[in-house]
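Everything below concerns the one structure shown next.
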Amino acid sequence: SKKKGLNFEEKRARMMEIFFETKDVFQLKDLEKIAPKEKGITSMSVKEILQSLVDDGMVDTDRIGTSNYFWAFPSKALHARKRKLDELESQFAESSQKKEALQKSIEKSKIGREDTAERAALLKELAALRQKKEQLKTEIEKYRECDPDVVEEMRQTNQVAKEAANRWTDNIFSVKSWAKRKFGFEESRIDKCFGIPEDLDYID
C-alpha cells in the first residue's frame with residue numbers, strides 16, 4: 001500500500017514493521033527493494049531511515065565478510081520501549097521533586113512580603129530614597145571639579161602638558177637656529193615653509 005508524503009517517523013515505523021513481520025535478516029539492497037513496494041518508503045531514503053534506527057538501538061547490524069546485515073526482533077523492541085519508559089518515568093519523578101522544592105521555596109520567600117499597607121508604604125519610601133540618592137549623585141558630579149583631589153590632578157596634568165609644549169617649542173627654535181646658520185635662510189621663510197606661527201613662544 002503506497003502512500004505519498006510519509007514523514008520521517010512514519011517511515012521509521014514502517015521500516016520496523018518489515019523486520020517484525022518477517023523476523024528475517026536483511027542487507028541494505030534487500031530493504032531498498034522491499035520498502036518501496038510493501039511500505040511506500042522511497043528507496044532513496046531507506047539508507048537514512050535504517051541508519052537512524054541503528055543509531056537509536058532499535059535495529060541491530062553486523063558485518064559478515066564484505067556485507068552488512070540488519071535485523072530487529074519484537075522482543076528487543078519491547079525491552080527498548082520498557083527502558084525508555086523507565087527512563088522517562090525517572091525523569092518525570094525527578095522533575096516533580098524539583099517542582100515541589102521550587103514551590104516550597106516560592107512559598108517561603110513570600111513570607112514577610114504580604115501586600116499590607118505597611119509594606120506598600122515602606123516600598124514607596126524606598127523608591128523615594130532611591131530617587132533622592134540619584135539626585136544627590138548628580139549634584140555631586142556637578143561639583144566634582146571643586147574636589148581638591150580632582151583639582152590637584154588637573155594641575156599636575158596641566159604642568160606635564162606645559163613642560164611638553166615648551167620642550168617642543170625649544171626643539172623648534174633649535175632647528176630654526178640651525179637652519180639659519182647652515183643654509184642662511186631667513187626666519188620668516190622657515191616659518192612659512194614649515195607652517196610655524198610667527199607668534200610661537202614658550203608657555204609661562
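When reading the values below, keep in mind they use all heavy atoms of this one structure, side chains included, and skip hydrogens, waters and symmetry mates. Just so it is clear, the model here is predicted, and its values are computed rather than measured.
Not counting sequence neighbours, the partners of Glu9 by the salt bridge (charged side-chain N to carboxylate O under 4.0 Å, His left out) test are Arg12. Listed by chain and number, the residues in a side chain to side chain contact (heavy atoms under 4.5 Å, CB included) with Arg181 are Ser177, Trp178 (sequence neighbours excluded). The ring pair (Phe, Tyr, Trp, His ring centres under 6.0 Å) check on Phe8 picks up nothing, with sequence neighbours excluded. The side chain to side chain donor-acceptor pair (under 3.5 Å) check on Thr169 picks up nothing, with sequence neighbours excluded. Applying the side chain to side chain donor-acceptor pair (under 3.5 Å) test to Thr61 and every residue at least two apart in sequence or in another chain returns nothing. Shown here are the side chain to side chain donor-acceptor pair (under 3.5 Å) partners of Asn68, two or more places apart in sequence or in another chain: Arg63. Contacts of Glu118 classified as salt bridge (charged side-chain N to carboxylate O under 4.0 Å, His left out), with partners at least two apart in sequence or in another chain: none. With sequence neighbours excluded, the residues forming a ring pair (Phe, Tyr, Trp, His ring centres under 6.0 Å) with Phe173 are Tyr202, listed by chain and number. Partners of Glu139 by side chain to side chain donor-acceptor pair (under 3.5 Å), not counting sequence neighbours, listed by chain and number: Lys142.
Side-chain contact between Val59 and Met16 is present, with at least one heavy-atom pair separated by less than 4.5 Å. Annotation: side chain of Phe70 is not in contact with side chain of Asp60 (no heavy-atom distance under 4.5 Å).
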Stepwise side-chain contact (heavy atoms from CB on, under 4.5 Å) check, Lys133 with Leu129: CA-CA 6 Å; Lys133 177 185 175 184; Leu129 288 171; over 6 Å; no
Could you check Val46 against Met15 for side-chain contact (heavy atoms from CB on, under 4.5 Å), going step by step and ending with a plain yes or no? CA-CA 8 Å; Val46 168; Met15 183 70 74; 3.8 Å; yes
Only pairs under 3.5 Å count here: list side-chain donor-acceptor contacts from residues 97-106, not counting sequence neighbours, and write none if there are none.
| residue | atom | partner | partner atom | Å |
| --- | --- | --- | --- | --- |
| Gln103 | NE2 | Glu107 | OE2 | 3.4 |

Which donor-acceptor pairs under 3.5 Å do the side chains of residues 17-33 make with protein atoms, sequence neighbours left out?
| residue | atom | partner | partner atom | Å |
| --- | --- | --- | --- | --- |
| Glu17 | OE1 | Lys39 | NZ | 2.8 |
| Glu21 | OE1 | Lys39 | NZ | 3.3 |
| Glu21 | OE2 | Lys39 | NZ | 3.3 |
| Thr22 | OG1 | Ile18 | O | 2.6 |
| Thr22 | OG1 | Asp24 | N | 3.4 |
| Lys23 | NZ | Phe20 | O | 3.4 |
| Gln27 | NE2 | Ser67 | OG | 3.1 |
| Asp30 | OD2 | Gln27 | N | 3.0 |

Donor-acceptor contacts, no H, no angles, side chain residues 182-194, under 3.5 Å, sequence neighbours left out:
| residue | atom | partner | partner atom | Å |
| --- | --- | --- | --- | --- |
| Glu187 | OE1 | Lys180 | NZ | 3.2 |
| Glu187 | OE2 | Lys176 | NZ | 3.1 |
| Asp191 | OD1 | Lys176 | NZ | 2.8 |

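In this structure, Glu10 contributes its side chain and Asn7 its backbone to a donor-acceptor pair below 3.5 Å. Here the side chain of Thr138 pairs a donor or acceptor atom with the backbone of Glu134 at under 3.5 angstrom.
Pro36 and Ser43 get closest at one heavy-atom pair: CG-N, 3.7 Å.
Atom CE in Met44 sits 13.0 Å away from atom CD1 in Ile49 (nearest 0.5 Å).
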